[in-house]
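Structure first, then comments.
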Amino acid sequence: MDQQQSRGRDVFRSGLGAFAATVGSAVGLGNIWRFPYDTGRGGGAAFVLTYVLCVALVGLPVMVAEHAIGRRMRRNAVHVYESLLPSKGTGTAIGYVGLVAAVLIMAFYTDVAGWVFAYVFKSLGALAHGVALGPADFESLSSGTWEPLLWQAGVLSLASVIIALGVSNGIERVTKMLMPVLFLLLVVCDVRALTLPGSGSGVSYLFKPDLSKLSGPVLLSALGLAFFKLSLGIGAMTTYGSYLPENTRIVPNAARVVLADTAVSLLAGLAIFPALFALGGQPSGGPGLLFITIPLVFSKMPMGGLFTTLFFVLAATATIGAMVSIMEVPVAWFTERTHVSRLRASVVTAAVMFGVGVLATLSRGPVLSGVKIFGKSFFDLFIYLSNLLLPLGGLAITVAAGWLLPQGEFSAEIAKGHVMPGAIHALMGVLVRFLAPVLIVIVLLMSLWGR
Ligand code: PHE
């Protein structure tokens with residue numbers, strides 16, 4: 001019996017299940033909502049190139065560090081910091097920052113996920129009536145009061161049910177089913193977009209970098225996106241690491257997750273930009289890109305209504321595994337600290353997340369649109385804070401894994417279960433101990449001065 005089972009912890013049952021759950025956490029609104037609009041704002045391929053470099057040089061090592069430390073300690077993220085840091089108080093504080101970040105992310109995430117689920121039904125309705133959804137539909141949904149709140153409560157309840165079912169019965173089973181569906185739907189949308197006349201300029205926009213577009217802010221948003229995309233810096237991957245089977249090879253598994261996730265982003269880009277260029281849309285549409293441009297652009301192509309619905313089904317599918325992993329961070333901590341049931345822990349967590357989420361959701365409507373903190377609405381503030389907190393959390397985890405874990409334990413953990421080539425071992429050491437933390441610090445300093 002595994003050490004973790006003797007402690008009464010559930011784990012992912014198979015390597016494939018662990019992989020699916022981890023990809024399920026990484027893939028989400030980040031790929032389908034944020035990657036396209038960040039790419040559009042960052043000028044296309046130059047942003048894509050920077051993003052891929054951030055993923056390889058910072059994202060991969062931070063994920064390896066989170067998985068290794070999580071599996072080594074077999075505990076929730078707060079406990080990991082408490083036991084590794086020389087001062088327990090500082091460790092607890094860092095762990096709690098992760099919990100706060102999870103609540104902040106979930107606050108705006110469930111707002112946007114609510115729009116996505118609403119759009120599945122709205123686009124079906126539009127399809128039935130033979131009309132296309134327009135900007136006014138998005139406006140009225142996103143600046144409403146009860147409608148977006150109900151959708152937000154709905155998606156939170158869905159995530160809570162999966163969480164309450166448990167790690168292997170809930171998270172692992174559901175994500176194993178959803179991930180292949182997601183890939184399939186994406187490929188269908190890609191084929192549709194890429195066979196439109198004039199789609200070639202959308203492909204060049206994504207893959208032919210104009211290096212003059214590179215700048216400090218582009219680098220910053222690329223690194224922020226890499227953290228958000230790969231679910232790093234709040235303890236989600238540490239927690240999932242603590243559920244990894246002993247025989248999972250941490251580095252190849254993380255590399256596959258990173259590759260799969262980046263592939264999904266590029267596939268999403270290949271569904272959106274070629275269609276956008278072929279049919280005349282604006283790549284720099286901002287957060288509304290998905291909801292305003294996609295239905296409009298898709299409506300101009302044959303069977304566009306059907307593909308719009310398909311696209312939102314795909315986006316909705318992708319949000320589930322990600323929301324579950326954000327919730328799992330506080331739930332794992334709560335159940336291990338107080339020994340309450342997962343059901344109770346997920347209800348309490350969902351209630352707290354909803355309480356904060358209401359602020360994000362209402363910040364576009366009549367109730368809270370006048371309230372600004374540091375000049376930002378709650379929605380924008382939560383995104384901004386999470387952009388700072390994720391890299392900070394990533395920095396803490398690389399320091400913990402590379403410097404605070406007793407010498408040799410990190411290496412032993414990543415080499416467990418297989419013979420690892422010496423070069424990869426050495427490379428991981430350099431990335432986790434030096435390169436990733438240094439790059440994070442540089443970008444964090446730029447973000448403090450730059451914005
Ligand atoms: N990676 C998820 C996405 O791209 C979001 C997420 C962030 C999940 C942080 C967990 C932790 O949608």
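Quick caveat: nothing in here was measured; it's all calculated off a predicted structure. Numbering starts at 1 and runs along the sequence shown. Each ligand, and each atom within it, is numbered from 1 in the order the structure gives.
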Nitrogen or oxygen of L232 less than 3.5 angstrom from that of ligand 1: no
Can you tell which part of L390 has a heavy atom less than 4.0 Å from ligand 1: side chain, backbone, both or neither? neither
Hey, is K122 close enough to E147 for a salt bridge, meaning N to O under 4.0 Å? yes
Out of all atoms in ligand 1, which are within 4.0 Å of some heavy atom of S325? Include the element for each. 8 (C), 10 (C)
Would you call E328 and R342 a salt bridge, using N to O less than 4.0 angstrom? yes
Can you name the atoms of ligand 1, numbered from 1 with element, that are less than 4.0 Å from a heavy atom of G28? 3 (C), 4 (O), 12 (O)
re atom 8 (C) of ligand 1, the protein heavy-atom contact at minimum distance is S231 OG, 3.3 Å
Under a 4.0 angstrom heavy-atom cut-off, which atoms of ligand 1 come close to S25? 1 (N), 2 (C), 8 (C)
Assess whether a salt bridge exists between R364 and E139, defined as any Lys/Arg side-chain N lying under 4.0 Å from an Asp/Glu carboxylate O. no
Look at atom 4 (O) of ligand 1 and say which protein heavy atom is nearest, naming residue and atom and giving the distance to 0.1 Å. K229 NZ, 2.6 Å
Consider every N or O of I234 and every N or O of ligand 1, then say whether any pair is closer than 3.5 Å. no
Would you please say whether a donor-acceptor pair under 3.5 Å links the side chains of R13 and S168? yes
Atoms of ligand 1 under 4.0 Å from any heavy atom of A26, numbered from 1 in the order shown, are 1 (N), 2 (C), 3 (C), 4 (O)
Inspect the contact between K416 and E409 and indicate whether a charged nitrogen and a carboxylate oxygen are less than 4.0 angstrom apart. no
Does the side chain of S25 pick up a donor-acceptor pair with the side chain of S231 at under 3.5 Å? yes
The single option from L178, D261, V257, L182 that satisfies side-chain contact (heavy atoms from CB on, under 4.5 Å) with V23 is V257
Using heavy-atom distances only, which candidate in Y109, F228, Y240 approaches atom 12 (O) of ligand 1 most closely? Y109
